[in-house]
Amino acid sequence: MAQYARRGIHGQTVEILARRILAGEIPEGATLHLAALQQELDVSLTVLREALKVLTAKGMVDARQKRGTFVRPRSDWNLLDGDVIRWQFADGADPRLLDALQEVRLIIEPAAARLAATRASTTDLANLDGALTEMSAAEGDPVAAVGADLNFHRALLAATHNELLERMEVVMETGLAERDRLVHGVEQHDDPVPSHRAVVDAIRAGDATGAEEAMRGLLDKAVRDVEKVRQQKGTR
């Protein structure tokens, strides 16, 4: 379990079991043999049970008298949980999940930009401008570019002043970061600042329709960038 050493024994155990379930190594409906897992993972029964409590809270496992602890159907899993999304990307980009997250973004973020145009405060605009400055400074640095992009989209959701939309950051953050790493890790792409600035300019002007259209254009380009990378890699 050395590869998970920085997460502590409890975190390591949770992540190992979760990734096995998500990968289908432990299939839906399978009963977990706790004694065998305890020996294999070299953890105490207390640690194993605490890890299973985490997965139970995320809808991935359950326990019943006479049946023991078993993997629940995927339809019961909390797929909107930030950890569950992150675990699915742990071994690289999952094309199906990435596509699903892009569809979610296309539904949510243009509407969020429209709302932000009617609600953004001076502080919100300053945060959006700050993210644009970070993007400009991140040229040639993929890690900084990913961070700047995440900050922009967090600031956009915060500018809606709708706490449920703000929570969507948890759903989109991992997929957005994975998409950015995929794109920025292959080749130099167009300057992202102008397309993001167009969104901010429309929000600052209180132009709800313009903000929505600018965000939709930004996201459409993001989808095209991913498709281009996939074609280059021969994944499709």
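- The shortest heavy-atom contact between Ala18 and Leu55 is CB-CD2, 3.8 Å.
- Across all their heavy atoms, Ala63 and Thr69 have their closest contact at CB-OG1, 3.8 Å.
- Judged by distance alone, the side chains of Arg114 and Thr209 do bring a donor and an acceptor atom under 3.5 Å apart.
- Counting heavy atoms from C-beta outward, Leu34 and Leu52 have side chains that approach closer than 4.5 Å.
- Side-chain contact, Glu169 with His153: no donor N or O sits under 3.5 Å from an acceptor N or O.
- Taking both residues in full, the closest heavy atoms of Gly210 and Ala202 are given as C-CB, 3.7 Å, listed atom of the first, atom of the second, then distance.
- Using a 4.5 Å heavy-atom cutoff, the side chains of Val43 and Gln12 are not in contact.
- Taking a 6.0 Å sphere around CD of Gln39, one finds it holds 12 or fewer heavy atoms contributed by other residues, nucleotides or ligands.
- For Arg224, there are no salt bridge (Lys or Arg N to Asp or Glu O under 4.0 Å) partners, not counting sequence neighbours.
- With values rounded to the nearest 0.5 angstrom, His33 atom NE2 is found 6.0 Å from Thr31 atom OG1.
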What do the steps show when you test Ile85 against Leu80 for side chain to side chain contact (heavy atoms under 4.5 Å, CB included), and what is the final call? CA-CA 7 Å; Ile85 294 173; Leu80 297 181; 5.5 Å; no
I would like to know whether Met60 and Leu22 meet side chain to side chain contact (heavy atoms under 4.5 Å, CB included); could you show each step before the answer? CA-CA 9 Å; Met60 297 177 70; Leu22 288 163; 3.9 Å; yes
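- Counting side-chain heavy-atom gaps under 4.5 Å among Ile, Leu, Val, Met, Phe, Trp and Tyr, the cluster of Val193 also holds Leu106, Leu125, Leu128, Leu132, Met135, Phe152, Leu156, Val199, Val200, Ile203, Met215, Leu218, Leu219, Val223.
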Go through it in stages, so that I can follow the logic: the residues are His161 and Leu115, the test is side chain to side chain contact (heavy atoms under 4.5 Å, CB included), and I'd like the CA-CA distance, side-chain angles, deciding distance and then a yes or no. CA-CA 9 Å; His161 293 272; Leu115 199 56; over 6 Å; no
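- With salt bridges taken as basic N to acidic carboxylate O contacts below 4.0 Å, none links Glu213 and Arg216.
- Nearest heavy atoms, Asn127 versus Ala155: CB-CB, 4.1 Å.
- Here Ser121 pairs with Asp124 under the side chain to side chain donor-acceptor pair (under 3.5 Å) rule; sequence neighbours left out.
- Listed by chain and number, the residues in a side chain to side chain contact (heavy atoms under 4.5 Å, CB included) with Pro73 are Glu28, Ser75, Asp76 (sequence neighbours excluded).
- Distance alone, capped at 3.5 Å, places no donor-acceptor pair between the Arg72 side chain and the Asp62 backbone.
- A 4.5 Å side-chain heavy-atom check between Val71 and Trp77 finds at least one atom pair inside the cut-off.
- Distance check, rounded to the nearest 0.5 Å: CZ of Arg19 to CD1 of Ile26 gives 12.5 Å.
- Here Asp201 contributes atom CG and His196 contributes atom NE2; the two are 13.0 Å apart, rounded to the nearest 0.5 Å.
- For Thr56 against Val61, the heavy-atom pair with the smallest separation is OG1-CG2, 3.3 Å.
- Looking at heavy atoms from C-beta onward, Leu41 lies out of side-chain contact with Val47 at the 4.5 angstrom threshold.
- Looking only at side-chain heavy atoms (C-beta outward), Leu17 and Leu37 come within less than 4.5 Å of each other.
- Rounded to the nearest 0.5 angstrom, Gln38 CD and Thr46 OG1 are separated by 8.5 Å.
- The side chain to side chain contact (heavy atoms under 4.5 Å, CB included) test applied to Asn151 returns Ala131, Glu134, Arg154, not counting sequence neighbours.
- Side-chain contact between Glu15 and His10 is absent, with no heavy atoms from C-beta onward closer than 4.5 Å.
- Ion pairing between Asp99 and Arg96 fails under the 4.0 Å rule for side-chain N and carboxylate O.
- No continuous path of ILVMFWY side-chain contacts below 4.5 Å connects Phe70 to Ile21, so the two sit in separate hydrophobic clusters.
- Under 4.0 Å is where a charged nitrogen must lie from a carboxylate oxygen, and between Glu40 and Arg20 at least one such pair does.
- Atoms CZ and CG, from Arg197 and Asp191 in turn, are 8.5 Å apart once rounded to the nearest 0.5 Å.
- In terms of the side chain to side chain contact (heavy atoms under 4.5 Å, CB included) criterion, residue partners of Glu163 (sequence neighbours excluded) are, by chain and number, Arg167.
- Closest approach of Leu157 and Met168 over heavy atoms only: CD1-C, 4.2 Å.
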